[in-house]
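Below, chain A is the first sequence line, B the second, and so on; all start at residue 1.
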There are 2 protein chains.
Amino acid sequence: MAQNKVITLDKIKIACQNCGLSNICLPLGLDSDDVERLDSIVQRNRPLRRGNYLFQTGDTFKSVYVVKTGTVKTYTQCPDGSEQVIGFHLPGEVIGLDGIELRKYICSAKALETSAICEIPFGQLEELTATIPNLQHQMFRLLSREISNDTSLMTLLGKSTAEERLAAFLLSLSIRLHSRGFSATEFNLSMSRQEIGSYLGLALETVSRLFTHFQEEKILKVNRKYVEILDLEKLYNLLSQQTVCLEKLRAP
Amino acid sequence: MAQNKVITLDKIKIACQNCGLSNICLPLGLDSDDVERLDSIVQRNRPLRRGNYLFQTGDTFKSVYVVKTGTVKTYTQCPDGSEQVIGFHLPGEVIGLDGIELRKYICSAKALETSAICEIPFGQLEELTATIPNLQHQMFRLLSREISNDTSLMTLLGKSTAEERLAAFLLSLSIRLHSRGFSATEFNLSMSRQEIGSYLGLALETVSRLFTHFQEEKILKVNRKYVEILDLEKLYNLLSQQTVCLEKLRAP
DNA sequence: GAAGATCGTTGATCAAAATCAGAAATGAGG
DNA sequence: CCTCATTTCTGATTTTGATCAACGATCTTC
């Protein structure tokens, strides 16, 4: 009896209708009826453990995925075994959109920590989208956001110094974590120096040295994965000459 | 009388139904009825001259644009006046998709040579898309292609040498031109060394030296804007260790 | 066709970050 | 608790490509 009640509460809790992410996720702008229809096609499988794959390069495209909790990295792999990190994905961010065109994923996606994921079969999503104009609009917005985020990153990789890149990365994380209800100035990195370096086009040693340097400048307090931003303004100023407008650093 | 006839022929010629690009552009996969509906919302303004803007950063997002002939570059601008080139857009490629989310363009778009452009008001396109499932699907594919192209470019900018970058750029151009009916091995660059450099994250001097170097290696024959690829295989081999799969270099 | 502007090439030098190497810290597993 | 593996940090050296500088070629405009 008691157990029955608990299960019921759980069921309520994990629906889109009750998800804290609904203001940044797909349901944004939908009325409650439509959220319910969307919710009915969402699959919630068991959480991924650190190191588990969501999908791998070349897998047949079937679904898009939304991070519910945790962090997921996407990356491509070189013949020589080294990898290029494409993105780090926080709760509310959609993964797998790159697979729509060729019907297979061009990235691999791997959990950096225990992560809960919502799976949305794309065929069903497309059917639903065709009947809910607001959902179609939201899908276009999501895809467009992905494109403009990539534009920002390309600008960063195209012309910035190592210092500017790491500053931009930290600020982007700060902003995104903050808009998800976490602290903007204190967080644990779920990725390694190596992975940060790959994402930013830098060697892991350079990333490590920059953390030390930022610490000497009293901009950060760093202890391995733990980062505290002591001086947000200085961090912003490092980017002042940059095109990258901060609102676009994978916000919200 | 005679003039009247000419105008009529012209009118027939510039409709989507008769456009040679319909196999890579938005109408792909639509039946002729739907192509006609799409065509009815397409605006064809006078061609842009070299240097004319299609839109500028911050302009209110109103339409997406398809290059019909010519080349258009998109770029962002820094406070210091320097620019970061984001892309070079050939016939059949869609521009402005980055503006959907925030309702304003985050890039500027400028013609590199005389270019004919089809303008598609996005509001009308969305309405149409809601009633033509195939068009919705094609829009998703287009947006997804944009994302995967960006992924390829980020990989290129993240970990490749100058040589690999220029090789990838030339091969991408070659493939795209070829799939549009032009020669894969002989073409005129419509962009300057400076613009190529900005796009690839290199100094213009580096680009110039690489052209010379490729010429010494008998890979290219270069005369300012004119490029002839003498040894496609060597060019491919320069990328062999690369993640970037060539099919994804902004193909088709 | 001269003057000026822009663009491309080439050389010399410099600097930022990669690479190489090794030590220290942390974590996992027995 | 000890061992082994991984991650991080730091130092020394090298390399790639940026920067600075000058010149030749091409195009434009009057």
Side-chain angles (χ1 to χ4, degrees), chain A residues 49-51 73 78 80-85 110 112-114 156-170 188-217 220-227 238 241, chain B residues 49-51 73 78 80-85 110 112-114 156-170 188-217 220-227 238 241:
Chain A
R49 308 277 300 274
R50 174 178 165 76
K73 77 165 173 181
C78 297
D80 64 13
S82 72
E83 62 182 49
Q84 167 68 39
V85 173
K110 193 190 253 188
L112 289 175
E113 55 189 319
T114 303
L156 198 67
L157 294 178
K159 59 177 353 189
S160 308
T161 65
E163 201 178 56
E164 287 167 336
R165 294 183 198 197
L166 189 62
F169 171 71
L170 289 169
N188 271 288
L189 300 172
S190 48
M191 65 296 285
S192 69
R193 303 289 190 263
Q194 166 89 65
E195 287 163 333
I196 296 171
S198 169
Y199 178 63
L200 296 175
L202 301 171
L204 71 94
E205 293 95 330
T206 306
V207 175
S208 178
R209 275 184 249 271
L210 282 169
F211 273 121
T212 307
H213 175 235
F214 282 163
Q215 208 163 200
E216 287 164 0
E217 299 280 309
L220 300 181
K221 193 157 174 297
V222 185
N223 189 328
R224 294 179 75 85
K225 303 275 191 198
Y226 173 80
V227 174
L238 287 176
Q241 292 314 314
Chain B
R49 307 277 300 273
R50 174 177 166 77
K73 77 166 173 182
C78 298
D80 64 12
S82 71
E83 62 183 47
Q84 167 68 38
V85 174
K110 193 191 253 188
L112 289 175
E113 55 189 321
T114 302
L156 198 67
L157 294 178
K159 60 175 352 189
S160 308
T161 64
E163 201 176 57
E164 288 167 336
R165 293 182 199 198
L166 189 62
F169 171 71
L170 290 170
N188 271 289
L189 300 172
S190 48
M191 64 296 286
S192 69
R193 303 290 190 261
Q194 166 90 66
E195 286 163 333
I196 296 172
S198 170
Y199 179 62
L200 296 175
L202 301 171
L204 70 95
E205 293 95 331
T206 305
V207 175
S208 178
R209 277 184 248 270
L210 282 169
F211 273 121
T212 307
H213 175 236
F214 283 163
Q215 209 163 199
E216 287 163 0
E217 299 280 309
L220 300 181
K221 194 159 174 297
V222 186
N223 189 329
R224 294 177 74 83
K225 305 273 190 197
Y226 173 80
V227 174
L238 288 176
Q241 293 313 315

Exercise. With a 4.0 Å cut-off, would you call A:Glu83 and B:Lys159 a salt bridge?
Worked result: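 No.
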Return the value, rounded to whole Å, for the distance between atom [atom1] of [X] and atom [atom2] of [N].
| X | N | atom1 | atom2 | result |
| --- | --- | --- | --- | --- |
| B:Asn223 | D:dA25 | CG | C1' | 10 Å |
| A:Glu216 | D:dC9 | CD | P | 12 Å |
| A:Glu195 | D:dT6 | CD | C1' | 12 Å |
| A:Leu210 | D:dT10 | CG | P | 12 Å |
| A:Arg209 | D:dT8 | CZ | P | 14 Å |
| B:Glu205 | D:dC23 | CD | P | 16 Å |
| B:Arg50 | D:dC27 | CZ | P | 12 Å |
| A:Tyr226 | D:dT8 | OH | P | 17 Å |

Under 6.0 Å from the [atom1] atom of [X], do we count more than 12 heavy atoms belonging to anything else shown?
| X | atom1 | result |
| --- | --- | --- |
| B:Lys225 | NZ | yes |
| A:Gln215 | CD | yes |
| A:Glu113 | CD | yes |

Problem set entry | Side-chain N,O (B:Thr206) to OP1/OP2 (D:dT16) below 4.0 Å |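 So the side-chain polar atoms of B:Thr206 never come under 4.0 Å of the phosphate oxygens OP1 or OP2 of D:dT16.
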Problem set entry | Segment of DNA chain C, first to last nucleotide, that comes within the 4.0 Å heavy-atom reach of chain A |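 Under 4.0 Å from chain A, the extent on DNA chain C is C:dA17 to C:dT26.
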For this session: Please check if the side chain of B:Arg193 supplies one atom and the backbone of B:Leu204 the other of a donor-acceptor pair under 3.5 Å.
Result: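 Between the backbone of B:Leu204 and the side chain of B:Arg193 there is no qualifying donor-acceptor contact (under 3.5 Å).
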For this session: Applying side chain to side chain contact (heavy atoms under 4.5 Å, CB included), name anything that partners B:Glu163, two or more places apart in sequence or on another chain.
Result: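 B:Thr161, B:Leu210, B:His213, B:Phe214, B:Leu238.
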Exercise. 5'-most contact on DNA chain C: A:Arg224 or A:Leu202, nearest heavy atom basis?
Worked result: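 Closer to the 5' end of DNA chain C: A:Leu202.
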Just to be sure I understand the rule, does [X] reach a base, reach only the sugar-phosphate, or reach nothing, if contact means heavy atoms closer than 4.0 Å?
| X | answer |
| --- | --- |
| B:Gly197 | nothing |
| B:Leu204 | base |
| A:Ser208 | base |

